[in-house]
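Working notes, beginning with the structure itself.
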Amino acid sequence: MDLLSIRIAAEPDIARIRHVTGAIAETCGLESFAKTRVVTAVLEIARNALQYAGGGRAHFAIRPETDLCWLIVRVIDQGEGLPDDAKFVRSRRPFKAGSGGNRAQRMGLGLTGVQRLADRFDLDSSNEGTKAELAFKLPSPCHEEAELGERVMGKIAELSATDPLAELSRQNRELAEAMAERELLIDEVHHRTGNNLALIVSFIQLSKRGAQSEETQQAMAQLEARVLSVAKVHQELQRANLADRIALVPMLETVAKHAQDAFSNDELDIGISVVGDAVSVSGSAAIDLGLVVNELITNAYKHAFEDRQSGRIDVSFERENRDGEKPSWVLAVKDDGVGLPENAKPERSDSLGWRMIRAMTARLSGAIETGSNKGFYTRIEFPDAFAESKT
């Protein structure tokens, strides 16, 4: 019967393993000396995993073997493994540590002790990690496995209830693991998006080469340029994601340039300017702002210049100081297009683009303001601590 699994990532996890192992041993009916033997052996292996492999996981289970129940503790890590010249012999045969340097000797002495303390000790180590399995005889008959397991689980639940710090630590670890998994999935999405954009460009190029009419070739060339611009924006955002901090205005200039390449043509010539203070922001904030600016520029191309052949879009990111108020940073995107009807509130729109803008603004603690003044403008204000001046 599997009992529980404990992640080994920091010193508090070692303390939790000590408490849990002691509670399991006591509930299983082990006397004081036997309980100490179990706790000491498990702690030695858990500390090795933390100290030499950077962490791992401890799994606890009760298994029936022959006529008795056994407590099985398996500690697994993904470290570099034990030195090749440290000779480990399985089961109860004598254990000997080789001359593999201080690390091998320190680990060997601890593992020798574990082998003496456990009723059975198996060790499997390679450059992909180490798996140690400790087995201890319990006084309960094998047919009592289910009942014993229920008692142990009840004791563990009771222990968690009386140790709120341990429960909080467990919840924090689970949250950290979930966030790490989310980041991994996001990275995979970005990778696949880049590959798909490259594949789309290849298909367009093939169609362009096979097109017979000049009109079709020109249409394909325009489509190719637009998809390439989207791909370049994606590359810039990926580069920002890998950086700790990034200069914001140069990145926004790149985003604006690619958007201009994607949407301008012989019938529509829109000039875009990007100005602002020399500041740096976190990589994740740069991604959000890049996507927001790209979406606002795209909206302007789609809606602001109807029946027009030219126009202008101005993008700025500057520090603002108002009398009696705290300083703030302001991102502004303004066009000289047709504007909006009076009382229109596009920032409340349920469109995917505006939902994305609202979500990213909220994540960065910003506030959105829109309006029409010889065109349409969007103004997003962020707190003073949002960006760091480079001057």
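- Annotation for I357 and L296: closest pair CD1-CD2, 3.7 Å, computed over non-hydrogen atoms.
- With sequence neighbours excluded, the residues satisfying side-chain hydrogen bond (donor to acceptor under 3.5 Å, both in side chains) with T370 are E347.
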What do the steps show when you test L134 against I72 for side chain to side chain contact (heavy atoms under 4.5 Å, CB included), and what is the final call?
-> CA-CA 6 Å; L134 298 80; I72 309 296; over 6 Å; no

Could you list the donor-acceptor pairs under 3.5 angstrom formed by side chains in residues 139-149, with sequence neighbours left out?
residue, atom, partner, partner atom, Å
E145, OE2, M1, N, 2.7

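- Among all heavy-atom pairs drawn from S5 and R57, the shortest one is OG-CD, 2.9 Å.
- Identified under the salt bridge (charged side-chain N to carboxylate O under 4.0 Å, His left out) test for residues 45-55, with sequence neighbours left out: E11-R47.
- R37 contributes no side-chain N or O that, together with a main-chain N or O of R116, makes up a donor-acceptor pair within less than 3.5 Å.
- Ion pair K374/D336 not flagged as a salt bridge, since none of the NZ, NE, NH1 or NH2 atoms sits closer than 4.0 Å to an Asp/Glu carboxylate oxygen.
- Between A259 and I297 the shortest heavy-atom distance is CB-CG2, 3.9 Å.
- Listed by chain and residue number, nothing satisfies the side-chain contact (heavy atoms from CB on, under 4.5 Å) test with A367 (two or more places apart in sequence, or in another chain).
- Residues satisfying the side-chain contact (heavy atoms from CB on, under 4.5 Å) test with E215, not counting sequence neighbours, are S213.
- By the 4.0 Å N-to-carboxylate-O rule, R308 lies too far from D269 to be salt-bridged with it.
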Residues 375-385 side chain polar contacts: donor-acceptor under 3.5 Å, at least two apart:
residue, atom, partner, partner atom, Å
Y377, OH, E369, OE2, 3.3
R379, NH1, E381, OE1, 3.4
R379, NH2, E320, OE1, 2.8
R379, NH2, E320, OE2, 2.5
E381, OE2, S328, OG, 2.9
D384, OD1, R319, NE, 3.0
D384, OD1, R319, NH2, 2.8
D384, OD2, R319, NH2, 3.1

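- With sequence neighbours excluded, the residues satisfying side-chain hydrogen bond (donor to acceptor under 3.5 Å, both in side chains) with K208 are E224.
- Under a 3.5 Å cut-off, the side chain of T254 and the backbone N or O of P250 do form a donor-acceptor pair.
- In terms of the side-chain hydrogen bond (donor to acceptor under 3.5 Å, both in side chains) criterion, residue partners of E65 (sequence neighbours excluded) are, by chain and number, R120.
- With S202 contributing its side chain and A198 its backbone, the two residues share a donor-acceptor pair below 3.5 Å.
- Applying the ring-ring contact (aromatic ring centres under 6.0 Å, His included) test to residues at least two apart or on different chains, the pairs with a partner in residues 299-323 are F263-Y301, F317-W329.
- A donor-acceptor contact closer than 3.5 angstrom links the side chains of R312 and S273.
- In this structure A15 satisfies the side-chain contact (heavy atoms from CB on, under 4.5 Å) test together with R18, sequence neighbours excluded.
- Residues passing the side-chain contact (heavy atoms from CB on, under 4.5 Å) test with A25 are L30, K35, sequence neighbours excluded.
- For S32, there are no side-chain hydrogen bond (donor to acceptor under 3.5 Å, both in side chains) partners, not counting sequence neighbours.
- Using a 4.5 Å heavy-atom cutoff, the side chains of V20 and L4 are in contact.
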